[in-house]
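Step one of this worksheet: look at the structure below.
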Amino acid sequence: MLEVALRATVFLCLAVTLIHLVLVFFHVAPANPVSRKYGKQIDAWVYPLFEQNWRLFAPNPDSVNRQILARTAHAGSGGAMRVGPWFDLTAVDEAGIKHQAFPSHTAQNLLRRAWTSYVETHGEGDTARSERAVMMRDYLSNIAADRVAQHYDDDAFDFIQLRVVTLPVPESGADSAPKPVENRLLPWWKVTPHGK
C-alpha cells in the first residue's frame, strides 16, 4: 500500500512539473496557435508567481528611485475614520537588505515589482480595466497591508492608501535640467481587516 502511494505521489509530482514546464514554455515562446487559443489559461497559471522575463540577460535597471509609503484607516463606531501616519515601506525593504551578504530576492524586489506591474496594468489612472489589473491592485495592497500589520501589531485597520514618490536619478555628465519629482497618491483600498 505504501509503495502504491509513493508511486502515485512521484507520478503526480512529475506530471505537475511537466505541465508547469509546458505552460511556462508557451508563455515565453513567440505567439503560436496554442498560446493564442489558450492564452488566458496559460496566463492564469504563470501570473503572478511564475512570471518570466529576459532581464537576467539584458537588464533594464530603474532610472528612478521610488519611495513607497502607506497609511491606514480604521472605521470606528459612528462612521468616524481614524487615519494613521505614513509608513515608509521602501525603508523597511532597504533595511532588510542592508549589510546582508546574501539578501533575499523577495526583500529586494517584491514591492518594486508589484508597483511596476500595477503601473503596467493601470497606466496613469487608478481604474482597473481588466482582471489582471484588479489582481495587480489586490497584490500591491495585500503586500502593503501585510507589511504595515507586521510593524503595528496593536492597531486594527480596514483601509490602506499608498503614496509613491518618484525621484529621478541624475544622469552623469548630462547638461539637461533635472526631471521633476513625481508624487502619486493612490485611492483608499478596502483590505481584509488587519490587527487586533
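Bear in mind that the values here come from a model prediction, so they are computed numbers and not experimental data. Hydrogens, waters and symmetry mates play no part in the numbers below; they use all other heavy atoms, side chains included.
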Are [X] and [Y] grouped together when hydrophobic residues (ILVMFWY) are joined by side-chain heavy atoms under 4.5 angstrom apart?
X	Y	result
Val164	Trp86	no
Ile68	Trp189	yes
Leu111	Val191	yes
Val34	Val46	yes

inquiry  = Working note: Phe26 + Asn32, criterion side-chain contact (heavy atoms from CB on, under 4.5 Å); need CA distance, chi angles, decisive distance, verdict.
reply    = CA-CA 8 Å; Phe26 281 115; Asn32 58 64; 3.7 Å; yes
key: Lys/Arg N to Asp/Glu carboxylate O, Asp126 vs Arg184, below 4.0 Å   = yes
key: Residues Asp93, Arg147: salt bridge by 4.0 Å N-O rule   = yes
Could you tell me if the side chain of [Y] sits less than 4.5 Å from the side chain of [X], heavy atoms only?
X	Y	value
Phe87	Arg71	no
Leu23	Tyr38	no
Ile160	Trp188	no

query = side-chain contact (heavy atoms from CB on, under 4.5 Å) with Ala114: which residues, sequence neighbours excluded?
reply = Tyr139, Leu140, Ile143
inquiry  = Going by side-chain contact (heavy atoms from CB on, under 4.5 Å), name the residues that satisfy it together with Asn183, two or more places apart in sequence or in a different chain.
reply    = Arg163, Val165
Quick one: does [X]'s side chain have a donor or acceptor within less than 3.5 Å of a partner on [Y]'s backbone?
X	Y	value
Gln67	Asp88	no
Ser117	Arg113	yes
Asp158	Ala75	yes
His122	Tyr118	yes
Thr121	Arg132	no

Rounded to the nearest 0.5 Å, what separates atom [atom1] in [X] from atom [atom2] in [Y]?
X	Y	atom1	atom2	result
Leu14	Ile19	CG	CD1	11.0 Å
Met136	Glu120	CE	CD	9.5 Å
Leu186	Leu69	CG	CG	11.5 Å
Leu162	Leu185	CG	CG	9.0 Å
Phe157	His74	CZ	NE2	11.0 Å
Met81	Thr72	CE	OG1	9.5 Å

query = Could you walk me through whether His27 and Trp45 pass the side-chain hydrogen bond (donor to acceptor under 3.5 Å, both in side chains) check?
reply = CA-CA 10 Å; His27 176 72; Trp45 177 262; over 6 Å; no
If you compare all heavy atoms of [X] against all heavy atoms of [Y], which two are closest, and at what distance to 0.1 Å?
X	Y	answer
Ser141	Asp138	OG-O, 3.1 Å
Val148	Ala70	CG2-CB, 4.0 Å
Pro30	Ser35	O-OG, 4.2 Å

message = Counting only heavy atoms from other residues, nucleotides and ligands, does the tally under 6.0 Å from CD of Gln41 exceed 12?
response = yes
